[in-house]
Amino acid sequence: MAGDGPGVGERGTADVGPGGAGRAAAGVSRHAAIRPTTGLSPRPADSAASVGVEIQDDGLARVTLRRAHAGNAIDLATARGLLDAARACERAAVRAVLLTGEGKSFCVGGDLREFSRLTGEALEKHLVAVTDALHDALRTFASIDAPMVAAVQGAVAGAGIGLAAAADVTLAAENVTFTAAYTGIGYSPDAGVSWQLPRLVGPKRAVELLLTNRRVPAAEAATIGLVSRVVPSGELAAEAERTAEALRRGPTSAFGVTRRLVASGQTADLARHLDDEAAALAAAAASDEGREGVAAFLDKRAPDFTRIPSRP
């Protein structure tokens with residue numbers, strides 16, 4: 001949960017939030033703010049105020065970190081808000097997720113001001129509650145078929161890297177800098193950072209970034225595979241919307257199978273993975289999405305996958 005430096009002192013305004021663009025587009029929001037549904041207690045703050053989720057009738061979900069005044073640092077309410085948002089996306093069987101952060105920075109990591117108010121066993125219990133909720137959110141987002149697009153800007157540190165890396169497509173503004181930050185304050189990684197980084201940038205570079213906490217600018221992040229691509233800062237919101245919308249129109253079930261094959265392929269032996277691919281392909285071909293895709297190809301038209309309901 002490490003923060004970037006002091007972690008929560010950033011004074012951002014809500015004028016940059018990439019998720020704000022296009023909210024008046026087609027599709028009426030079913031959930032303006034999902035209220036807490038987890039069994040964790042007590043709740044020190046309103047998690048819906050820290051994380052917003054809007055799920056349109058067309059299946060596009062926008063999940064927004066709303067702590068711009070604190071660099072979208074992750075406190076307990078934010079972690080629980082992300083879990084509430086993930087579960088809402090799961091229940092609604094969304095077709096695509098767009099993850100953004102309001103203000104100058106996407107997410108500077110854990111809320112060190114909140115953590116510093118506790119010591120000893122109380123601090124340990126608090127961090128277990130924070131990471132339990134955050135990690136359940138990441139597991140839930142990974143388990144659904146809908147692909148996720150993350151639009152990141154400004155400072156991205158600690159658990160913010162985990163959120164950015166969890167997305168299937170991560171778009172970075174030119175002003176982004178990444179820093180692991182954990183060991184700089186005597187912490188170890190969370191939010192899947194120690195799992196994601198080696199797979200994205202290689203184990204040697206991952207260890208270097210985690211131990212030295214050096215800042216990685218946007219261009220280098222794209223070169224080493226930490227982000228999908230870099231876009232001009234003024235175009236981040238629009239490009240993220242376009243990307244999420246294109247994925248929303250795609251074959252959601254096939255996307256889910258593809259994401260799981262890529263993930264399992266990191267550890268499966270080739271023979272087993274080839275069997276998994278064959279079985280998945282056969283099932284996909286026989287599905288409504290597969291039939292629509294082939295029919296559209298033969299008819300020389302664009303496929304309409306949106307008429308096929310996604311699965312919860």
Any donor-acceptor pair under 3.5 Å linking the side chain of Y182 with the backbone of A159? yes
Do F178 and V152 come within less than 4.5 Å of each other through their side chains, counting heavy atoms only? yes
Is it possible for you to say whether L261 and I144 belong to one hydrophobic cluster, with membership spreading through side-chain heavy-atom contacts below 4.5 Å? no
For R272, is there an ion pair with D276 - N to carboxylate O distance below 4.0 angstrom? yes
Between OG1 on residue T78 and CG on residue D111, distance to nearest 0.5 Å: 7.5 Å
How long is the straight-line distance from CD of E245 back to CG of L98, given to the nearest 0.5 Å? 11.0 Å
Please enumerate all residues that pass side chain to side chain donor-acceptor pair (under 3.5 Å) together with S287, with sequence neighbours excluded. none
Which atom names give the shortest non-hydrogen contact between E289 and T252, and what distance separates them? OE2-N, 2.9 Å
Do Q196 and L138 make a side-chain contact, defined as non-hydrogen atoms from C-beta onward lying under 4.5 Å apart? no
Rounding to 0.5 Å, atoms OG1 (T119) and CD (E124) come to a distance of 10.0 Å
Which atom of V201 lies closest to which atom of A206, heavy atoms considered: CG2-N, 3.7 Å
Strictly below 4.0 Å, N to O, side chains only: are R291 and D288 in salt-bridge contact? yes
Does the R67 side chain pair with the main chain of A73, one donor and one acceptor, at a distance under 3.5 Å? yes
Report whether L60 and L65 are members of the same hydrophobic cluster (ILVMFWY, side-chain heavy atoms less than 4.5 Å apart, transitive linking). no
For L197, run the side chain to side chain contact (heavy atoms under 4.5 Å, CB included) check against L210, I224, V207 and tell me which one passes. L210
Within the supplied structure, the quantity of interest is the number of heavy atoms (other residues, nucleotides, ligands) at a distance under 6.0 Å from Q266 CD; does it exceed 12? yes
With side-chain contact (heavy atoms from CB on, under 4.5 Å) as the test, would you mind laying out the steps for L209 and R214 before giving the verdict? CA-CA 6 Å; L209 294 178; R214 71 175 179 85; 3.9 Å; yes
Please evaluate residues K204 and E208 with respect to the criterion salt bridge (charged side-chain N to carboxylate O under 4.0 Å, His left out), reporting the C-alpha separation (whole Å), side-chain torsions for both, the decisive distance (0.1 Å), and the verdict. CA-CA 6 Å; K204 193 77 170 180; E208 183 236 340; over 6 Å; no
If Ile, Leu, Val, Met, Phe, Trp and Tyr residues are connected whenever their side-chain heavy atoms lie under 4.5 Å apart, and connections chain through other members, are V257 and F141 in the same group? no
So, for S50 and D75, which heavy atoms are closest and what is the spacing to 0.1 Å? OG-OD1, 4.5 Å
Quick one: are I74 and L163 in side-chain contact, heavy atoms under 4.5 Å? yes
Cationic N near anionic O, under 4.0 Å, E241 to R62: yes
Linking I/L/V/M/F/W/Y whenever any side-chain heavy atoms sit under 4.5 Å apart, do F305 and V94 land together? no
Less than 3.5 Å apart, any donor N or O on the side chain of N213 or T183 sitting next to an acceptor on the other? yes
Output yes when R87 and E90 qualify as a salt bridge under the 4.0 Å nitrogen-oxygen rule, no when they do not. no
Would you please classify the geometry between the F115 ring and the H126 ring as parallel, tilted or perpendicular, with 30° and 60° separating the classes? perpendicular
Give the minimum heavy-atom separation between G103 and A68, together with the two atoms involved. CA-CB, 3.7 Å
So how far is it from M148 CE to T170 OG1, rounded to the nearest 0.5 Å? 9.5 Å
Please determine if R139 and D136 form a salt bridge, counting it only when a charged side-chain N lies under 4.0 Å from a carboxylate O. yes
Closest heavy-atom contact between A150 and A167? CB-CB, 3.5 Å
Looking at D145 and R259, is there a salt bridge between them, counting it only when a charged N and a carboxylate O are closer than 4.0 Å? no
Any heavy-atom pair between the side chains of D58 and R95 that's under 4.5 Å? no
Spacing of NZ belonging to K300 relative to CG belonging to L298, to within rounding of 0.5 Å: 10.0 Å
Taking Q153's backbone N and O only, do any of them form a donor-acceptor pair with N175's side chain (distance below 3.5 Å, no angle check)? no
What distance separates I55 CD1 from C89 SG, expressed to the nearest 0.5 Å? 4.5 Å
Electrostatic pair E220:R205 at N-O distance under 4.0 angstrom: no
Do L200 and V227 sit in one hydrophobic cluster, given that two such residues count as connected whenever their side-chain heavy atoms are within less than 4.5 Å of each other, even indirectly? yes
Looking at every heavy atom in both A86 and A137, which two are closest together, and how far apart are they? CB-O, 3.7 Å
Just so I know, are the side chains of E174 and L236 near enough to count as touching, which here means a heavy-atom distance under 4.5 Å? no
Check each of V97, V169, L99 against V149 using the side chain to side chain contact (heavy atoms under 4.5 Å, CB included) test, and report the only one that passes. V169
